[in-house]
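Structure first, then comments.
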Amino acid sequence: MFIDLYQNLIRLAYPLGIKPYLKRRCRRGKEDLERFNERLGRPQLPRPQGRLIWFHGASVGESVSMLPLIHTLLAADPALHIMVTTGTRTSAEIMAKRLPERAFHQYIPVDTPRFTSAFLDHWQPDLVLWFESDFWPSMLSGIKARQIPLLLVNGRISDRSFRRWMQFRYIIKEILGCFSLCLGQSQQDADRLQQLGAPQSLCLGNLKYAGLPLPVDADNLRLLRQQIGNRPLWLISATHDDEENQIGAYLPALAQSIPNLLTIIAPRHPERGQTIADTLHRNYNLNVALRSQQQPITPQTNVYIADTIGEMGLWYTLSPLSFIGGSLIPHGGQNFMEPARMHNAVITGPHMHNFTDAMQRALKADAVIQVNTAEEVYHTAQRLLQNPNLLQQHQDQALAWAQAENQVLDGIADTIKGFLK
């Protein structure tokens, strides 16, 4: 009932509201004009021959978490092809750089019956893997109507979402009824999916634990190492607004205690690079260089703003120590497992509720250091950078934990293979 009503309403809403909204997004550069037809269910690429698995994730985090599973499934079947869909330009750019051979990216079409039907008629996937909780009723119902196996992978139902959905169980039950199987990130997520109406739910682990090391451009790495020389450095990664300012207040004191220190800041949203540079220079008289403007790292550079896309592997390779942003403010944290996989000691702030289960496991393994304030970030970084043996110990503990958690991948891959006809 709900999905039928939704589809009727979305047909009416498209010319009146959705189409003008998309035009505004195009004018503001939010849509990829060269590939905008994909958003209307008109792909430009032909369907590859043989079996095709379709992966969908809303944005960068979900699409990156897919990569280990994509590599595993392609390695197991030389004739298989994989299509990845997302909705953002940033995720499309990252996927273009990181998808292996026999995998390709498309934009998810706007969720109207006309566009979703055209998309499914063209691609005819053999299996669909839907990541986390970006539910689009027209697309999901179209997949079910074609009797294509549909799996929810790494499903996550937050406390807030669970309370909201429990008030509208008749809606979420109909949506979850489109899935053949729901795999929760944690047992709590699997239990909540079952309560909300999933026909079958399991927890095989969190796929975000099973990431691949990030790619590193060898030429850029060599050039950066030449510019940095033997200077000590650390990384402030995936930061949000005000976190750079909070930590920046302590950077002059940290530089005094760690001579010749270089701080690298990789903001979660690279377009904020110039604003961050202006703030740090104005408030704390720091000498700042911007990667987006191809400014080199010189002996006078205090802070290097890594305001680019797809280069996080460079910064985690260069740095032995990373602070993970989104955690000094109530955002919920960013992915702290990536630096752990790349042998970084890891510091986070108090707000890591986006990764509650992972944080509990990492803290139990002493694989991450959690602090409460920017001042504590400063003191922790100072202590580690002044004590190479202690820094090495935390690097090794983070890496060992990350490698152990990687085992979740095999169980999820085997389950998926069972749904391939």
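Side chains included, hydrogens not; waters and symmetry mates left out as well; all remaining heavy atoms used.
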How close do Thr239 and Arg272 get, counting heavy atoms only, and between which atoms?
O-NH1, 3.7 Å

Closest non-hydrogen contact found for Arg47 with Leu52 is NH2-CB, 3.5 Å

List in chain and number order the residues that pass salt bridge (Lys or Arg N to Asp or Glu O under 4.0 Å) with [X], two or more places apart in sequence or in another chain; answer none if no residue qualifies.
| X | result |
| --- | --- |
| Arg163 | none |
| Glu31 | Arg25, Arg39 |
| Arg146 | Asp121 |
| Glu405 | Arg361 |

Decide if atom [atom1] of [X] counts as having more than 12 heavy atoms of other residues, nucleotides or ligands within a radius under 6.0 Å.
| X | atom1 | result |
| --- | --- | --- |
| Gln147 | CD | no |
| Phe104 | CZ | yes |
| Trp136 | CH2 | no |
| Gln294 | CD | no |
| Lys417 | NZ | yes |

Do [X] side-chain atoms and [Y] backbone N/O form a donor-acceptor pair below 3.5 Å?
| X | Y | answer |
| --- | --- | --- |
| Gln395 | Ala345 | no |
| Asn8 | Asp4 | yes |
| His105 | Glu93 | no |
| His240 | Gly326 | no |
| Arg341 | Asn406 | no |
| Gln397 | Ala365 | no |
| Glu38 | Tyr107 | yes |

Distance flag, aromatic centroids of Phe119 and Trp54, threshold under 6.0 Å:
yes

Flag the pair Phe115 / Tyr14 as yes when their ring centroid distance falls below 6.0 Å, and as no otherwise.
yes

In sequence, state the C-alpha distance, the side-chain angles, and the governing distance for Leu22 and Phe36, and then conclude on side chain to side chain contact (heavy atoms under 4.5 Å, CB included).
CA-CA 10 Å; Leu22 290 172; Phe36 188 71; 4.1 Å; yes

Gap between atom [atom2] of [Y] and atom [atom1] of [X] - 0.5 Å precision:
| X | Y | atom1 | atom2 | value |
| --- | --- | --- | --- | --- |
| Lys364 | Asp366 | NZ | CG | 13.0 Å |
| Ile297 | Leu223 | CD1 | CG | 8.5 Å |
| Leu152 | Leu202 | CG | CG | 11.5 Å |
| Thr112 | Met139 | OG1 | CE | 9.0 Å |
| Thr275 | Asp241 | OG1 | CG | 8.5 Å |
| Ile157 | Trp165 | CD1 | CH2 | 8.5 Å |

Go through the structure and list residues passing side chain to side chain donor-acceptor pair (under 3.5 Å) with Thr415, not counting sequence neighbours.
none

Please collect all side-chain hydrogen bond (donor to acceptor under 3.5 Å, both in side chains) contacts where either partner lies in [range], sequence neighbours excluded, each pair once.
| range | result |
| --- | --- |
| residues 193-207 | Asn154-Asn206, Gln185-Asn206, Gln194-Ser201 |
| residues 319-331 | Ser322-Asn344, His331-Gln334 |
| residues 57-84 | Arg51-Asp77 |

Where at least one partner belongs to residues 337-369, residue pairs that pass ring-ring contact (aromatic ring centres under 6.0 Å, His included), sequence neighbours excluded:
none

Sequence neighbours excluded - salt bridge (Lys or Arg N to Asp or Glu O under 4.0 Å) pairs with any residue from residues 186-207
Asp159-Arg192

Walk me through whether Trp315 and Ser237 qualify under side chain to side chain contact (heavy atoms under 4.5 Å, CB included).
CA-CA 9 Å; Trp315 319 126; Ser237 175; over 6 Å; no

Evaluate the side-chain proximity of [Y] to [X]: yes if any heavy-atom separation is below 4.5 Å, no if none is.
| X | Y | result |
| --- | --- | --- |
| Asp111 | Ile10 | no |
| Met166 | Leu196 | yes |
| Arg268 | Glu243 | no |
| Phe135 | Trp130 | yes |

Non-neighbouring partners of Pro149 that pass side chain to side chain contact (heavy atoms under 4.5 Å, CB included), sequence neighbours left out
Leu127, Ser180, Phe419, Lys421

Show me the side-chain donor-acceptor pairs of residues 303-313 shorter than 3.5 Å, one per line, residues at least two apart or across chains.
{"from": "Tyr304", "atom 1": "OH", "to": "Arg291", "atom 2": "NH1", "distance (Å)": "3.0"}
{"from": "Asp307", "atom 1": "OD1", "to": "Arg291", "atom 2": "N", "distance (Å)": "3.4"}
{"from": "Asp307", "atom 1": "OD1", "to": "Ser292", "atom 2": "N", "distance (Å)": "2.8"}
{"from": "Asp307", "atom 1": "OD1", "to": "Ser292", "atom 2": "OG", "distance (Å)": "3.3"}
{"from": "Asp307", "atom 1": "OD2", "to": "Ser292", "atom 2": "OG", "distance (Å)": "2.5"}
{"from": "Thr308", "atom 1": "OG1", "to": "Glu311", "atom 2": "OE1", "distance (Å)": "2.7"}
{"from": "Glu311", "atom 1": "OE1", "to": "Arg291", "atom 2": "NE", "distance (Å)": "2.7"}
{"from": "Glu311", "atom 1": "OE2", "to": "Arg291", "atom 2": "NH2", "distance (Å)": "3.2"}

